[in-house]
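Only one structure is covered here, and it is reproduced in the block below.
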Amino acid sequence: MKSAVAAFLRSYLASKKIHWDETLVIDIPKQKSFGDFSVNLALLLSKKVGQNPRTLAEEIKAYILNQDKKGIFEKVEVAGPGFINITLSVKKLQETVLEILKKDKKYGHSNLGNKTRILLEFVSANPTGPLHVGHGRWAVIGDDIARLLSAVGYKVHKEFYINDAGRQVEMLKESVHAILEGRDIPAGGYKGVYVKEIADLLSSKQDPKKLKARAIKHILTQQKHTLAALGVKFNFWFSEKSLHHKKTIQKTAKELVDKGVTYAKEGALWFRSTDFGDDKDRVLVRGSGEPTYFLGDITYHLNKYKRGYPHLIDVWGTDHHGYVKRLKSSMVALGYPEGSLEIIIGQLVSLYRRGEQVRMSKRTGEMITLKEVIEEIGVDATRYYFAMNDVHTHLDFDLEKAKEKSMENPVYYLQYAHARLSSILREAKKRGSKIKSKKDIFILDGADDRDLMKMLLDYPDELAVAASLRQPHRLLNFAKDLATYFHSYYHKNRVISDDKTLSSARLVLVSATRIVIRNILDLLGISAPDKM
RNA sequence: GUCCCUGUAGCUCAGACGGAUAGAGCAACAGAUUUCUAAUCUGUAGGCCACAGGUUCGAAUCCUGUCAGGGACGCCA
């Protein structure tokens with residue numbers, strides 16, 4: 001709906017031949033008396049045009065009212081220093097309810113993305129141990145972002161990069177090998193119980209050459225299971241080793257050399273990343289002739305572009321933030337547009353139980369795995385908890401609270417709203433109360449009806465914003481608000497009554513509300529129960 | 001020392017693009033159920049938006065500095 005309002009403003013600007021590059025800000029005011037949408041264009045324009053903002057606002061108001069042939073707006077008012085407050089007509093809101101029933105599962109979707117292909121890489125944990133809670137956050141956030149972007153018209157593919165080539169997996173092999181031969185695990189090796197399990201599993205298979213591959217495969221399989229249990233499915237699993245295999249890494253080094261952004265020093269090949277704003281230059285090929293992880297990663301990202309994705313998104317933990325600049329620099333150096341590689345840095349997760357922090361230590365092997373968390377609190381609460389906060393904030397994840405069925409755990413609040421909506425429809429059927437005609441919605445014009453309908457109308461805008469900012473938590477907040485509006489409506493208005501037309505009208509509204517809540521839960525991979 | 005994130009009610013957090021009286025849940029207190037699910041609703045109370053400057057018609061939001069918490073600064077991955 002915001003874009004419809006924006007269209008009126010653009011048309012106004014065009015009619016006055018005013019050039020306006022900045023985005024048009026259309027707000028949903030906090031205060032209800034200010035209407036459904038608020039526009040500050042007159043305030044911004046007054047500087048440029050040199051006119052009193054209120055006079056300008058009056059002019060815009062007159063223009064909008066004159067152009068509104070379909071009766072979308074009920075009221076357009078000039079207020080305060082020069083805001084234009086817009087109130088939608090009830091008719092527009094009622095029509096939106098019908099639109100929801102018609103579009104059903106597709107309601108809220110749009111084509112903002114214009115089918116642009118995006119490769120979204122996330123989790124990409126080392127295949128050296130089970131996934132932990134931190135990975136859980138990236139898994140849920142990454143998956144949600146993919147779902148949001150798909151819903152607004154991008155063609156998104158999800159990828160997991162398997163670091164199966166470096167020193168880490170070598171250490172894994174050494175560790176397993178040591179156990180099999182009854183030796184102590186070497187310094188820097190992996191000591192968790194899972195290493196012992198792998199050793200037990202592989203003890204009968206004697207071929208030591210295949211030990212590493214088998215250990216990796218085993219861990220990877222478990223990681224895949226855990227992610228699948230969370231409802232996270234990747235389109236591609238990309239092996240780092242496959243890059244080394246094909247010698248493409250050397251080709252990348254040559255490309256960089258050809259671009260003139262490298263130099264040799266102390267036997268190593270360096271990338272002059274300081275030319276691109278990095279704080280120091282970075283080694284691409286070591287003195288030993290071995291490529292660095294960095295060069296491998298450049299190759300990998302190059303590979304992504306070459307597979308036909310003009311836009312790349314990576315989701316990383318904050319412990320990798322120092323790496324952002326150099327990777328982006330390398331892509332710019334190779335001629336890819338700035339901004340076409342987007343890296344989302346998320347803060348880490350601390351695990352709590354009843355307010356006490358649960359320490360995670362790989363060294364002692366004492367840790368709670370993601371799998372255990374999912375088993376303990378369930379998929380819905382896990383997905384909700386990991387998605388409920390902005391990824392830029394540290395997340396304190398309290399296992400006990402996540403299990404509670406209270407408002408400390410809002411996932412139930414949302415699901416309860418859906419169950420209640422379902423229950424009303426079920427009960428109506430049982431009592432023979434039904435929707436006579438969808439057009440009965442046109443008799444609903446009370447303040448409560450209006451408020452609820454307005455929330456439903458806002459959903460597509462909220463989804464679009466959440467997707468473009470890559471912030472799934474915004475959608476959860478919206479869903480919570482919508483649920484509040486509905487719960488409140490429910491207490492004030494009886495849906496099923498002797499008044500057949502009124503019942504019919506309210507059943508239409510209930511159906512539409514249920515569709516929107518269900519769509520949001522579906523989108524975020526949380527189940528929408530009919531009964532609780 | 002340099003860089004990144006965070007600092008909003010007692011607690012957990014929303015407040016994209018600067019806007020009109022800063023919001024929600026939990027906890028506290030007071031209420032609501034013969035009626036479609038009380039895992040719900042209604043109300044009261046609770047704030048120097050870390051601190052200090054600056055930018056402007058207007059700042060929780062932008063800029064600078066300070067303080068506090070977390071993280072990163074390898075020819076590791």
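First the proteins, then the strands, lettered A, B, ... as listed; each starts at 1. These values consider heavy atoms only, across backbone and side chains, with no hydrogens, waters or symmetry-generated copies.
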* Closest approach of A/Leu341 to A/His301 (non-hydrogen atoms, all atoms of both residues) -> CD1-CD2, 3.9 Å

* Check the pair A/Asp36, A/Arg450 against salt bridge (charged side-chain N to carboxylate O under 4.0 Å, His left out), reporting the backbone distance first and the verdict last. => CA-CA 10 Å; A/Asp36 295 320; A/Arg450 237 205 84 96; 2.5 Å; yes

* To do: Return no unless some side-chain N or O of A/Tyr293 is found under 4.0 Å from OP1 or OP2 of B/rA77.
  => no

* Asked: Which part of the nucleic acid, if any, lies within contact of A/Ala79, taking any heavy atom under 4.0 Å across all strands shown: a base, the sugar-phosphate backbone alone, or nothing?
  -> base

* To do: Please determine if a side-chain N or O atom of A/His473 lies less than 4.0 Å away from the OP1 or OP2 oxygen of B/rG15.
  => yes

* Asked: What integer distance in Å separates A/Tyr323:OH from B/rU2:P?
  -> 25 Å

* To do: Looking at every strand, decide which applies to A/Asp498 at a 4.0 Å heavy-atom threshold: base, sugar-phosphate, or nothing.
  => nothing

* Go through the side-chain N and O atoms of A/Thr248 and A/Thr299 and say whether any donor and acceptor fall under 3.5 Å apart. => no

* Just wondering, do A/Phe83 and B/rG19 stack (centres under 5.5 Å, planes under 30°)? -> no

* Asked: How long is the line joining CG of A/Asp27 and P of B/rA20, in whole Å?
  -> 9 Å

* Contact class for A/Thr393 vs. all strands (heavy atom < 4.0 Å): base, sugar-phosphate, or nothing? -> sugar-phosphate

* When we call it a touch if two heavy atoms are under 4.0 Å apart, what does A/Asn126 touch: a base, just sugar-phosphate, or nothing? -> sugar-phosphate

* Atom-pair distance (CG on A/Leu348; P on B/rC4), nearest Å -> 17 Å

* To do: Give one of base, sugar-phosphate or nothing for A/Lys265, where a contact means two heavy atoms less than 4.0 Å apart.
  => base

* So what does A/Asn52 touch, heavy atoms closer than 4.0 Å: a base, only the sugar-phosphate, or nothing? -> nothing

* To do: Look at all strands and tell whether A/Leu284 reaches a base, only sugar-phosphate, or nothing, counting heavy atoms closer than 4.0 Å.
  => nothing

* **A/Lys217 NZ: over 12 foreign heavy atoms closer than 6.0 Å** => no

* Asked: If only side-chain N and O atoms of A/Arg326 are considered, is one of them under 4.0 Å from the OP1 or OP2 phosphate oxygen of B/rC73?
  -> no

* **NZ (A/Lys2) with more than 12 external heavy atoms under 6.0 Å** => yes

* Describe the nucleic acid contact of A/Asp461 in one word from base, sugar-phosphate, nothing, applying a heavy-atom distance below 4.0 Å. => nothing

* Looking at A/Tyr385, does the NZ or CZ of A/Lys403 lie under 6.0 angstrom from its six-membered ring centre and within 45 degrees of the ring axis? -> no

* Structure fact -> Residues A/Val283 and A/Thr292: closest non-hydrogen pair is O-OG1, 3.1 Å

* Asked: Contact class for A/Glu290 (heavy atom, under 4.0 Å): base, sugar-phosphate, or nothing?
  -> nothing

* How would nucleotides 41-51 of chain B be written as a contact map, 5' to 3', with B for base contact, S for sugar-phosphate-only contact and - for no contact, using protein heavy atoms under 4.0 Å? -> SS---------

* What is the nucleic acid contact for A/Arg282, judged by heavy atoms within less than 4.0 Å: base, sugar-phosphate only, or nothing? -> nothing

* Roughly how many Å is it from CZ in A/Arg474 to C1' in B/rA24, rounded to a whole number? -> 15 Å

* Asked: Is there a donor on the side chain of A/Asp390 or the base of B/rA16 sitting less than 3.5 Å from an acceptor on the other?
  -> no

* Does A/Arg420 count as lying over the ring of A/Tyr490, i.e. NZ or CZ under 6.0 Å from the six-ring centre, within 45 degrees of the axis? -> yes

* To do: Between A/Asp396 and A/Lys280, name the one whose nearest nucleotide on RNA chain B is closer to the 5' end.
  => A/Asp396

* Would one find more than 12 heavy atoms of other residues, nucleotides or ligands at under 6.0 Å from atom NZ of A/Lys436? -> yes

* Indicate whether OP1 or OP2 belonging to B/rA38 is found under 4.0 Å from a side-chain N or O atom of A/Tyr490. => yes

* Asked: Which comes earlier along RNA chain B counting from the 5' end, the contact point of A/Tyr412 or that of A/Phe34, where each point is its nearest nucleotide?
  -> A/Phe34

* Asked: For A/His392, which contact category applies under a 4.0 Å heavy-atom criterion: base, sugar-phosphate, or nothing?
  -> sugar-phosphate

* **Exam field: side chain A/Ser503 to backbone A/Ser433, donor-acceptor pair closer than 3.5 Å** => no

* Asked: Which part of the nucleic acid, if any, lies within reach of A/Gln31 when heavy atoms closer than 4.0 Å are counted: base, sugar-phosphate only, or nothing?
  -> base

* To do: May I ask you to verify whether the side chain of A/Ser468 and the base of B/rA16 hold a donor-acceptor pair under 3.5 Å?
  => no

* Polar side-chain atom of A/Ser488 near backbone of A/Tyr485 as donor-acceptor pair, under 3.5 Å -> no

* **Phosphate OP1/OP2 of B/rC76 contacted by A/Arg286 side-chain N/O (<4.0 Å)** => yes

* Asked: Does A/Ser124 put a side-chain nitrogen or oxygen below 4.0 Å from OP1 or OP2 of B/rA77?
  -> no

* Atom-to-atom span, CG of A/Leu469 to P of B/rA14 - whole angstrom -> 14 Å

* Reckon A/Gly166 touches a base, only the sugar-phosphate, or nothing at all at heavy-atom distances under 4.0 Å? -> sugar-phosphate

* Sugar-phosphate or base contact per nucleotide [nucleotides 58-63 of chain B; S, B, -; heavy atom under 4.0 Å] -> ------

* Can you tell me how far P of B/rU40 sits from NZ of A/Lys531, to the nearest Å? -> 20 Å

